[in-house]
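Here is the structure we will look at, set down as C-alpha cells.
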Amino acid sequence: MSSFKTEPKTNYQTLLTSHPNLRLDSIKGLCFGTIALEMLTKHYGSPLWIINADIIKSRYQRLTQAFQPKKIDVSIHYAVKANDHLAVIDLLAKEGAGVDIVSLGELKRALQVHINPKKICFSGVGKTEEELKTAIDLELGQINVESREELLLISQVAQQRGKKAAICLRINPDVNAKTHHKITTGLAENKFGIAYQHALPVYKEAYQLSHIIPLGFDVHIGSQISSVEPYQKAFVKMVDLIQHARLEGLKVSVLDCGGGFGISYYNEKEANPVELADLMDKTFASLDLHLCIEPGRWLVGPAGILISKVTRRKDNESKAAPFIILDAAMNDLIRPAMYDAWHGILPVQAEIYNRPLESLNIDGPICESSDIFARQRNLPSLKEGDDIAILDTGAYGHVMSSSYNARPQALQLMIKNNKVHLIKPRQTIEELWNKEIIPE
Ligand code: LLP
C-alpha cells in the first residue's frame, strides 16, 4: 500500500492517465464520466461523496467475464463493508452478486435490498449469539467460522433453534499478503481464522456435530493485494488441506477464496481479475469445488470521489510547503490518517490547471496532526474557494466516517446512467445530538 513515506513525485498528468474515467475539459474542468464536478459543489455544497454506479457495474462485469471462460464454478460475494450504501448493495445484487457480511447491521442492509439469504456469507471473528441466532434462523448460505469456540456456539444455537447451520472454516494460512500491516489478516499473529495446523481436527469435529453442515474452507489473507503471488501461496496450502480432509473421508464442497484484490491509487498495478481467474482455474479445476470470492475494494474503490473545498491557505515561511486546509477532514476520509494511505488529488475547476505547480501540504481542519490528506504534493497552486477531488474513495471512504469534532457526515451522490442522484442528504448538526440524554 502506498504511504506518505513513498509519496510519488509526479504531478496530476499521471493521475489523469491512470484514471480513464476522469477527464479534464478546458471549460468544465474535471469530469467524472460525463459529469462535470464543478457544478456539483455549486448545487450541493461541500464536502460531498460521489459514487459512480456505471463504473461499479462495468467492474463487476469485468470480474465475471474473467471467470466465464474457465472450468471452475465461482460465485461473487460483494464485501459490504467496503461501501454499505443500500444503492450500492442493490446495484450489485441486481447484477447477480451475493454478499459477504460481518455484522447484524450489514445483514439487515442486505435483507433490506432483498438479497436471498442463500447468497449471504457471514464472516467475522466475533459474531455474537444474537447475530448467530438471526443467521441460523434465516438459513444463510454460509457462515465462515473463525474458531473452534465459535463452531461449538453455532452448533449449540442451531440445536436450540431446531436448525442446521452451513459452515466453512476460515483458515489462517500464515501467509504474508505483502500489504500494509494494518490490513494483513493471514499471518499467524493476526486474530483471524483457525491456525492451519488445527484446521483438520476442527473440521473433523464439525462433522461430529449433528446441527452443523460442513461445506468446506475459507481463506482471506488481507486487503489491497496487487499480485497473485500471496494468493498462490495460500491456495497451495488450501489444496493440501482439502486433499488431506478428503483422504480422511470428509466431504469438502466449497472453498471461499476471500477478497483483498488491490486497486491502483497512483499508477501502481491493479489486481488483474484475469490473472486471478487463471490462478484459481489452474489450482482448483481438478478438485470439483464450488469457489467463492469476496471482493470489496476492487469493485467500488475506483468508483468513488470525495470533493472538498479549500477553506484556508496558510503560507508558512518556515516550512517547505504551504498548508492547504480543506473543509473535509479525517472524520470523512480516515484512510490517510489510519494507514498512511495515498489518494490522488486533482483540482476541480478548469482555471486552476493554468496556475504554476507547487508543492503543497493538504490537511483537514480537525485538531489532530494526523488529519492529513497529502504531504508535499505537486499540484497547481491552490487558494481559498477552490474545489479539489480526492480520488478512489468509493471503498472504505464514507463507510468509515465519523462525526468527530461534531462534524456532520457529508452528503452522498450517485452517478447512474450518466445522471446525478442524491442518495443521502448531508447530516444536520442537530442530528448529532438528537438522541443524546442529559441525566437529571
Ligand atoms: N472478506 C473478508 C473476510 C474481509 O475481512 C474483507 C476486508 C474483505 C472480504 C474485502 O476485502 P477487499 O476486497 O475490500 O480488500 N479499511 C481498510 C480495509 C480493511 C479490509 C477489511 N476486510 C482500508 O481502508 O484499506
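When a ligand or atom number is given, it counts from 1 through the structure's own listing order. Side chains are part of it too, since the values below use all heavy atoms of this structure and drop only hydrogens, waters and symmetry mates.
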[X] with [Y]: basic N within carboxylate O range, under 4.0 Å:
X: Asp137; Y: Lys133; result: no
X: Glu270; Y: Arg59; result: yes
X: Asp363; Y: Arg375; result: yes
X: Glu229; Y: Lys178; result: yes
X: Lys70; Y: Asp278; result: yes
X: Asp340; Y: Arg335; result: no

[X] and ligand 1 - part of the residue with a heavy-atom distance under 4.0 Å:
X: Thr185; answer: neither
X: Trp298; answer: neither
X: Met400; answer: side chain

Numbering as shown, the atoms of ligand 1 that approach [X] to under 4.0 Å (heavy-atom distance):
X: His220; value: 1 (N), 2 (C), 3 (C), 4 (C), 5 (O), 6 (C), 7 (C), 8 (C), 9 (C), 11 (O)
X: Lys81; value: 2 (C), 4 (C), 5 (O), 6 (C), 7 (C), 8 (C), 21 (C), 22 (N)
X: Gly296; value: 12 (P), 13 (O), 14 (O)
X: Gly260; value: 11 (O), 12 (P), 13 (O), 15 (O)
X: Pro295; value: 13 (O)
X: Ala79; value: 8 (C), 9 (C), 10 (C)
X: Arg297; value: 12 (P), 13 (O), 14 (O), 18 (C), 23 (C), 25 (O)
X: Tyr339; value: 16 (N), 17 (C), 23 (C), 24 (O), 25 (O)

Give the table of side-chain donor-acceptor pairs shorter than 3.5 Å for residues 406-415, with sequence neighbours excluded, one pair per line with atom names and distance.
unit_1: Arg407; atom_1: NE; unit_2: Asn331; atom_2: OD1; d: 2.6
unit_1: Arg407; atom_1: NH2; unit_2: Asp327; atom_2: O; d: 2.8
unit_1: Arg407; atom_1: NH2; unit_2: Asn331; atom_2: OD1; d: 3.4
unit_1: Arg407; atom_1: NH2; unit_2: Asp332; atom_2: OD2; d: 3.0
unit_1: Gln409; atom_1: NE2; unit_2: Ser401; atom_2: O; d: 3.4

Quick one: list whatever passes ring-ring contact (aromatic ring centres under 6.0 Å, His included) with Tyr404, sequence neighbours left out.
-> none
Can the ring centres of Tyr78 and Tyr60 be said to be less than 6.0 Å apart?
-> no
Closest to atom 24 (O) of ligand 1 (judged by heavy-atom distance), picking from Gln224, Arg335, Glu146 | Arg335
Check: Tyr396 N/O within less than 3.5 Å of ligand 1 N/O | yes
Polar-atom distance check: Glu294 versus ligand 1, any N or O pair below 3.5 Å?
-> yes
